[in-house]
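Structure, as structure tokens:
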Amino acid sequence: QVFVQVSTMPRTHGIFSDGLTPVEITGLNGSSKMACIVQGKVAVAKNPCLHPGDIRVLEAVCCPELQHMIDCIVFPQKGHRSHPNECSGSDLDGDIYFVTWDERLIPPSVDPPMDYFPPRPIILDHTPTIEEIQVYFADYMSNGSLGAIANAHLVFADTEMAMARDPKCIALAKLFSLAVDFPKTGVPVELPISLRPQSYPDFMEKDCKTGKLTYISSRILGKLYRAVDDAYTKISLSFTKEDALKVYDKDLVINGFEKYVGDAMVKKKLYNEKLNALMVYYGIKSEAELFSGFIVNIGGMCRKTSRDLKERAKQAVNALKKEARTWFTNANAMHTANSKTNDLDYGVYANASAWYHVTYHPEFWDQVDSEGIPNLSSQLLSFPWVIYDELLTIKRFRQAYRHCGAPNM
């Protein structure tokens, strides 16, 4: 049994239909809060989760003495074996658990948990010398077999009929458990040749990383990988004038924006030039990838080798967002200094409206330079969303005005 209580989330338009009934409870600090106590069957797991028995199906119960515990899972103290230890040998040292009460995700049957008992650590009868510490550090650095074991487990779970229940996967799960404890025990683990895969599923992208043999996976991971890859290649990276006509939101255009259009065009041109330079430098084809931070690929490089570049690209675009936000703030400060009226807040939103207008209005599409060459940077769309909070405020006010029957802004 376990006790699980979760904070309630907004159920706007019935999006969250989890079947839970919220009640008001009092927290440790005396404040009241709405929360839901989960009751019934729940599936509990923790990463890493290699052995089939790492997923436990338990009974969530109501325990009034624990109602101050929110957004956590409380395990019982009694029993022949602790549930955390059954879940990948967890020792509750800051572990994060996955808990679901969705009947569609609860396994119909449960495998016996694996025995997670690490080997006895190497005990010295003397104070470790510097040389022994150096040897231990070298062993620690050279015995980084965790990744290789996890990859091998993923391959055999994909290829074998019994999947994660295959004897090879069970053996690899045990090896993985020993490898995890190596820093504590000092007992090294080596991946035997018999458990080293000869080919890899396409979703692991080993062909471009190491030149190893690759096959088309027929399992769910392979299907999802190819579906995402196909969808990504089919995404239209261009935004036409016809598209602009369809999506231009008049709610985001307020009276008085015209006086800011000239400055907005200058800022937009500078922003797009900087953003386009980043896309070229890092080999990123989609503006949406760079702006959102969810970068699929960099310059055709594989995920592992491009990880650092992705982080650099994210940092670079975040710096650009911050810089553009500063442009907006400075422009508003200048307006404040020059204004003789008390419409300062309104001027901020009129400026934000101008940023949106010069990006999405059809008249700013299909622009060409002095030589008649199409200006592709004018088709970038992220510029106004650097100040998304102001745009959202405009949208909310528009909806409120419309609901009250008030005149337009």
Side-chain angles (χ1 to χ4, degrees), residues 15-18 41-57 87-88 96-111 114 146-173 175-176 191 195-237 283-290 292-307 309-310:
I15 294 176
F16 300 98
S17 54
D18 49 23
K41 282 188 176 183
V42 294
V44 181
K46 182 191 78 71
N47 188 45
C49 184
L50 274 66
H51 191 276
D54 289 341
I55 303 177
R56 311 308 303 159
V57 176
C87 298
S88 309
I96 298 177
Y97 287 86
F98 167 79
V99 182
T100 180
W101 48 93
D102 190 327
E103 295 179 355
R104 297 169 298 177
L105 298 178
I106 297 177
S109 61
V110 182
D111 291 73
M114 191 177 81
L146 270 176
I149 295 173
N151 285 341
H153 182 278
L154 185 59
V155 171
F156 290 121
D158 187 74
T159 57
E160 302 301 321
M161 289 294 296
M163 295 181 284
R165 293 186 177 92
D166 186 83
K168 293 180 181 178
C169 290
I170 300 298
L172 286 166
L175 285 177
F176 189 89
L191 181 62
L195 294 179
R196 296 179 182 178
Q198 301 302 310
S199 58
Y200 295 83
D202 54 347
F203 60 81
M204 294 183 71
E205 296 185 345
K206 285 286 185 178
D207 53 340
C208 64
K209 292 177 182 177
T210 59
K212 294 183 180 295
L213 294 176
T214 299
Y215 65 89
I216 304 298
S217 170
S218 60
R219 303 284 188 190
I220 183 61
L221 289 181
K223 293 177 180 178
L224 288 174
Y225 168 78
R226 289 187 295 276
V228 171
D229 193 52
D230 291 343
Y232 176 73
T233 57
K234 293 176 182 177
I235 291 177
S236 174
L237 301 181
I284 300 173
K285 297 181 179 179
S286 167
E287 177 193 15
E289 285 183 59
L290 184 58
S292 66
F294 293 94
I295 301 172
V296 177
N297 225 342
I298 283 192
M301 300 176 66
C302 301
R303 279 199 291 263
K304 184 176 180 180
T305 56
S306 65
R307 190 175 302 155
L309 284 178
K310 288 181 181 180

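Just so we're clear, the structure is a prediction, and the values are computed from it rather than from any experiment.
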(request) Mind checking the NZ-CG spacing from Lys206 to Asn151? Nearest 0.5 Å is all I need. (result) 4.5 Å
(request) List for me each residue that meets side chain to side chain contact (heavy atoms under 4.5 Å, CB included) alongside Ala45, sequence neighbours excluded, and say none if there are none. (result) Cys49, Ile55
(request) Report yes if some heavy atom in the side chain of Leu172 is under 4.5 Å from a heavy atom in the side chain of Leu50; otherwise report no. (result) no
(request) Tell me, please, which residues at least two apart from Ile96 pass side chain to side chain contact (heavy atoms under 4.5 Å, CB included). (result) none
(message) For a quick test of reading the model, state the closest non-hydrogen atom pair linking Tyr97 to Val44 and the distance between them.
(response) CD2-CG1, 3.9 Å
(request) First locate atom NE2 of His51, then atom CZ of Arg165, and finally report the distance between them rounded to the nearest 0.5 Å. (result) 10.0 Å
(message) Using 0.5 Å steps for rounding, measure from the CG atom of Asp166 to the CZ atom of Phe156.
(response) 8.0 Å
(message) If I take atom CD from residue Glu287 and atom CG from residue Leu290, how far apart are they, to the nearest 0.5 angstrom?
(response) 8.0 Å
(message) Has Arg226 got a side-chain atom pairing as donor or acceptor with Ser217's backbone, closer than 3.5 angstrom?
(response) yes
(message) Quick check for you: to the nearest 0.5 Å, what is the distance between Lys46 atom NZ and Asp54 atom CG?
(response) 8.0 Å
(request) For residues Gly222 and Asp202, report the shortest heavy-atom separation together with the two atoms involved. (result) CA-OD1, 4.3 Å
(request) Would you confirm whether Arg196, through its side chain, and Leu191, through its main-chain N or O, come within 3.5 Å as a donor-acceptor pair? (result) yes
(message) On a heavy-atom basis, which atom in Gln198 and which in Leu213 lie closest, and how many Å separate them?
(response) O-CB, 3.9 Å
(request) Over all heavy atoms of both residues, which pair between Arg219 and Glu160 is shortest? Give the atoms and the distance, please. (result) NH2-O, 2.8 Å
(request) Over all heavy atoms of both residues, which pair between Tyr215 and Pro201 is shortest? Give the atoms and the distance, please. (result) CE2-N, 3.3 Å
(message) Do Arg56 and Val110 have side chains that approach each other closer than 4.5 Å (heavy atoms only, starting at C-beta)?
(response) yes
(message) Would you compute the distance between atom CD1 of Ile170 and atom CG of Leu175 and round it to the nearest 0.5 angstrom?
(response) 12.0 Å
(request) Search all heavy atoms of Phe176 against all heavy atoms of Ala150 and return the closest pair with its distance. (result) CE1-CB, 3.9 Å
(request) Could I get the full list of side chain to side chain contact (heavy atoms under 4.5 Å, CB included) partners for Thr100, not counting sequence neighbours? (result) Ala43, Phe98, Asp102, Leu105
